[in-house]
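Just so it is clear, the model here is predicted, and its values are computed rather than measured. We count ligands from 1, going down the list as the structure has it; atoms in each ligand are counted the same way.
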Amino acid sequence: MSNQDFHHWGFGTKAIHAGVEPDPSTGAIMTPIFQTSTYVQESPGKHKGYAYARGKNPTRDALQRNIAALENGKHCLCFSSGMGAIDAVIKLLKPGDEVITGNDLYGGSYRMFTKIFEPFGIRFHFIDLSDAQNIKKYINSNTRLIWIETPTNPTMQIVDIEACSKIAKENNLILAVDNTFASPYLQNPLALGADIVMHSVTKYLGGHSDVVMGALVVNRDDLYEKLAFIQNSCGATPGPMDSFLVLRGIKTLHLRMERHCENGKKVAEFLAQHPKVEKVYWPGFPTHPNHSIAKKQMKNFGGMVSFALKSADLETTFKFASSFKVFSLAESLGGVESLINHPATMTHASIPKAEREKVGVTDNLLRLSVGIEDIDDLLADLKQAFDTLS
Ligand SMILES: *Cc1c(COP(=O)(O)O)cnc(C)c1O
């Protein structure tokens with residue numbers, strides 16, 4: 001059996017087998033952790049395709065083949081973090097180039113764009129992408145890249161990937177999609193016309209809150225060549241142990257995502273009927289402004305749910321967020337365990353208050369990463385936390 005010939009497999013089979021071969025020297029079914037920095041050469045330049053581990057490592061290669069398969073893509077490149085992956089994409093640009101992106105971005109992306117790349121002369125337009133046609137107003141002869149996130153973090157806005165890709169193609173722009181919140185199980189942007197898919201592998205792909213990593217997936221050979229050059233030149237590559245942990249995590253991605261979606265739906269419904277909740281952000285509600293787009297481009301609605309507490313000041317919100325027994329108060333998302341996060345002071349603290357409040361990241365907003373525990377325990381935990389408010 002060749003595990004390279006995976007295109008006809010279903011998602012779960014790909015997650016377990018695609019790109020992963022038994023080790024030829026021992027038959028080990030699990031990809032070995034090639035913990036080495038260099039490789040012995042027979043004579044200068046004569047080697048088995050591996051010269052130095054920043055450029056290439058067999059454990060990382062297996063992982064890259066596997067993630068490419070999950071996105072139905074041709075090439076994948078892994079990075080030492082999601083931010084490392086985003087950094088590589090922006091380095092495709094040069095001073096004077098312009099990027100059109102959303103006004104509800106992951107805080108770290110906003111920080112990198114404004115604090116690192118704007119001083120290098122790249123211009124970013126942070127705009128409302130709930131209607132993709134807005135993009136057209138900001139395109140000029142310097143525009144090179146459209147960078148979108150969907151669902152967005154933390155207010156779960158949905159951006160129409162296909163509509164963005166149509167605009168990108170008409171104007172010869174690159175469309176990059178941060179697919180972290182959906183995971184490849186729920187959404188495949190390349191199939192909808194995107195040029196680059198980015199993942200914070202740290203989240204659902206890794207899935208066990210034990211590794212930080214990023215990935216880019218592309219079909220275009222020209223983009224792959226350029227990004228691979230940047231990956232090796234700038235050096236934000238992941239190590240073999242982390243690559244192994246992610247390969248292991250991905251083997252259950254499909255099962256985990258099913259439970260994340262199931263639990264996420266029940267938590268969203270519980271919150272929606274609770275008298276102490278002002279608003280729930282979850283794309284599965286028919287009342288969500290872009291529900292029909294979410295239905296069109298996602299397989300299900302995911303395990304991320306945000307909500308605003310009714311008439312709660314910062315102190316009350318903090319007290320509530322600290323009163324959970326099963327949910328842990330922590331940054332990050334996508335792991336097996338349920339987390340609660342206060343975006344305004346945690347994940348999104350680097351976005352100025354006025355900017356974040358415009359998109360709903362208010363002091364009373366909380367974000368849940370609903371894990372795969374028993375739903376009754378999660379709902380009971382939420383209930384007892386609300387009871388501390390009275
Ligand atoms: C976490 C996250 C990132 C950054 O990834 P790291 O692995 O933390 O560097 C980027 N985008 C989104 C949507 C994220 O949630």
For [atom], grab the closest protein heavy atom and report residue, atom and distance to one decimal in Å.
atom: atom 4 (C) of ligand 1; answer: Tyr106 CE2, 3.4 Å
atom: atom 12 (C) of ligand 1; answer: Asp178 OD2, 3.4 Å
atom: atom 5 (O) of ligand 1; answer: Ser200 OG, 3.0 Å
atom: atom 7 (O) of ligand 1; answer: Thr202 OG1, 2.6 Å

[X]-ligand 1 polar pair, N/O distance under 3.5 Å:
X: Gly82; result: yes
X: Leu333; result: no
X: Glu149; result: no
X: Lys203; result: yes

[X] with [Y]: basic N within carboxylate O range, under 4.0 Å:
X: Arg123; Y: Asp97; answer: no
X: Arg60; Y: Asp242; answer: no
X: Asp363; Y: Lys353; answer: yes

- Connected-component partners of Tyr39 among ILVMFWY, side-chain separation under 4.5 Å: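 Hydrophobic cluster check, Tyr39: joined to Tyr50.
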- Message: Under 4.5 Å side-chain heavy-atom separation, chaining through any Ile, Leu, Val, Met, Phe, Trp or Tyr, what else clusters with Ile167? Say none if it is isolated.
- Response: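 Other cluster members: Ile100, Ile127, Leu129, Ile135, Tyr138, Ile139, Ile146, Ile148, Val159, Ile161, Leu173, Leu175, Val177, Leu192.
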- Task: Please determine, by modelled atom types, if Ser338 and Glu373 share a side-chain donor-acceptor pair under 3.5 angstrom.
- Result: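 Result is yes, a qualifying pair exists.
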- Task: Using only heavy-atom distances, determine whether the side chains of His47 and Glu42 contain a donor-acceptor pair under 3.5 Å.
- Result: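 Looking only at side-chain atoms, Glu42 and His47 do not form any donor-acceptor pair under 3.5 Å.
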- Message: Only heavy atoms of Met213, strictly under 4.0 Å: list the atoms of ligand 1 that pass.
- Response: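 So the answer, numbered in order with elements, is 7 (O).
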